[in-house]
Amino acid sequence: MDAKKSLTGRWTTEAASILAREVSAEMRIEPAEQLPLSGASLCFEIRCTGSVAGSMLVMAETAGLHALLVAAGLASEAAASIEDWEIELWQGLVAQAAQAALAGEAHATAGVAEKSTWERGIPAVALEVVIGEARMLVAVADRTQSMQPVISAEPTSAAASAGSGQPASLPPGVELMVDIELEASLRFGSREMSLNQVLDLGPGDVIELDRHIAEPVDLLVGDRIVARGEVVLVDGNFGLNVTEVATAERRLESIRCLF
């Protein structure tokens with residue numbers, strides 16, 4: 001299993017592949033700016049057992065799922081409501097994607113979850129599945145944890161200060177600066193553009209970046225990467241679920257470019 005990519009990221013990649021195969025249609029999965037409304041959605045809980053334990057929650061718009069299947073020519077547009085087989089198809093896809101994402105290190109089963117399981121403020125990745133003009137909002141929340149022993153990349157001496165979030169030994173004078181607020185930013189990707197392309201930009205234009213949706217984004221302080229993770233929505237605001245952290249020494253280096 002690729003430890004550098006979160007379970008949610010791997011699930012997204014596998015779900016895109018499996019869904020495209022199942023519906024035999026061109027589709028894509030993109031980041032979304034809002035979560036599906038729980039009152040009009042299907043919610044499944046993926047329970048994991050093995051070296052990865054816990055559960056993932058996947059919530060998807062009911063109307064959006066039906067619209068996708070209509071766009072793919074699998075469901076009838078005249079149907080008054082979503083049918084049982086459509087729900088079963090989605091549940092099977094959710095479970096298949098989870099099992100593929102776990103890469104044999106754990107077993108996954110998907111069952112219906114109560115919508116109340118989505119607690120207020122739970123970190124969730126908002127996605128949008130698109131086939132033609134049809135769109136379905138999806139939210140994925142990862143509540144799993146690895147049961148493997150954690151091997152720290154930091155020196156052993158750093159363990160004593162883990163609770164404080166500070167390196168075990170700070171360079172002289174740095175301890176006087178630890179309360180200074182620094183501006184951090186997220187970098188989703190980049191692309192080289194000519195001046196002519198920049199001048200030609202207009203509303204509605206789409207710029208493709210050099211990073212796949214399932215790849216982590218960078219957290220920068222100054223011009224240094226201090227962490228990586230996946231974008232989530234928390235109470236309507238963007239957030240970062242950290243999956244990788246630079247060494248304490250490298251994080252301290254990010255201060256140099258600010259003074």
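All figures in this text were calculated on a predicted structure; none of them were measured in a lab. One-based numbering along the sequence shown.
- R135 is linked by a side-chain hydrogen bond (donor to acceptor under 3.5 Å, both in side chains) to E128, counting only residues two or more places apart in sequence or in another chain.
- Summarising the geometry of A134 relative to L68, their closest heavy-atom pair is O-CD2, 3.5 Å, with the distance given to 0.1 Å.
- Transitive grouping of hydrophobic side chains (ILVMFWY, heavy atoms separated by less than 4.5 Å) keeps V130 and L35 in distinct clusters.
- Each salt bridge (charged side-chain N to carboxylate O under 4.0 Å, His left out) pair with one or both residues in residues 187-202, not counting sequence neighbours, appears once here: R187-D218.
- Transitive grouping of hydrophobic side chains (ILVMFWY, heavy atoms separated by less than 4.5 Å) keeps L89 and V70 in distinct clusters.
- In this structure, the side chains of L65 and L42 come closer than 4.5 Å at one or more pairs of heavy atoms.
- The backbone N or O of S194 sits less than 3.5 Å from a side-chain atom of Q197, completing a donor-acceptor pair.
- Between I46 and V94, some side-chain heavy-atom pair lies under the 4.5 Å cut-off.
- In this structure, CE on M193 lies 9.5 Å from CG on N196, to the nearest 0.5 angstrom.
- Applying the salt bridge (charged side-chain N to carboxylate O under 4.0 Å, His left out) criterion to R21, with sequence neighbours excluded, gives no partner residue.
- When all heavy atoms of M27 and I131 are compared, the closest pair comes out as CB-CG1, 3.3 Å.
- The shortest heavy-atom contact between A227 and V242 is CB-CG1, 4.1 Å.
- Residues I207 and L201 form a side-chain contact, since some pair of their non-hydrogen atoms from C-beta on lies under 4.5 Å apart.
- E14 approaches A101 most closely through the heavy-atom pair CG-N, 3.9 Å.
- From E77, atom CD reaches atom CG of L69 across 12.5 Å, with rounding to the nearest 0.5 Å.
- The backbone N or O of T13 lies less than 3.5 Å from no partner atom in the side chain of S17, so there is not a single donor-acceptor pair.
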Using the rule given for side-chain contact (heavy atoms from CB on, under 4.5 Å), can you reason through M56 versus V140, listing the C-alpha separation, both sets of side-chain angles and the distance that settles it, and then say yes or no? CA-CA 7 Å; M56 287 180 62; V140 182; 3.3 Å; yes
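- The environment of D84 atom CG is sparse: at most 12 non-hydrogen atoms of other residues, nucleotides or ligands sit within 6.0 angstrom.
- Side-chain contact between L127 and E30 is absent, with no heavy atoms from C-beta onward closer than 4.5 Å.
- Across every non-hydrogen atom of A97 and W11, the tightest pair is CB-NE1, 3.4 Å.
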Apply side-chain contact (heavy atoms from CB on, under 4.5 Å) to residues L74 and W85 and explain how you reach the verdict. CA-CA 11 Å; L74 298 179; W85 72 266; 4.2 Å; yes
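- Here the side chains of V58 and V138 are in contact, with some heavy-atom distance below 4.5 Å.
- Taking Ile, Leu, Val, Met, Phe, Trp and Tyr as members and joining any whose side-chain heavy atoms lie under 4.5 Å apart, directly or through other members, L137 forms no hydrophobic cluster with any other residue.
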Full working for side-chain contact (heavy atoms from CB on, under 4.5 Å) between V221 and E183: CA-CA 6 Å; V221 173; E183 183 175 337; over 6 Å; no
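- Identified under the side-chain hydrogen bond (donor to acceptor under 3.5 Å, both in side chains) test for residues 55-66, with sequence neighbours left out: E45-S55, H66-E86.
- Taken from CG in N241 to CZ in R228, the straight-line distance is 15.0 Å, to the nearest 0.5 Å.
- Contacts of S190 classified as side-chain hydrogen bond (donor to acceptor under 3.5 Å, both in side chains), with partners at least two apart in sequence or in another chain: D210.
- Within the 4.5 Å cutoff, side-chain heavy atoms of L93 are placed close to those of W90.
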Could you walk me through whether L186 and L219 pass the side-chain contact (heavy atoms from CB on, under 4.5 Å) test, one step at a time? CA-CA 5 Å; L186 292 182; L219 176 67; 3.9 Å; yes
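- Looking only at side-chain heavy atoms (C-beta outward), E230 and L240 stay at 4.5 Å or farther from each other.
- Inter-residue side-chain proximity for F44 and I87 is flagged as met; some heavy-atom pair is nearer than 4.5 Å.
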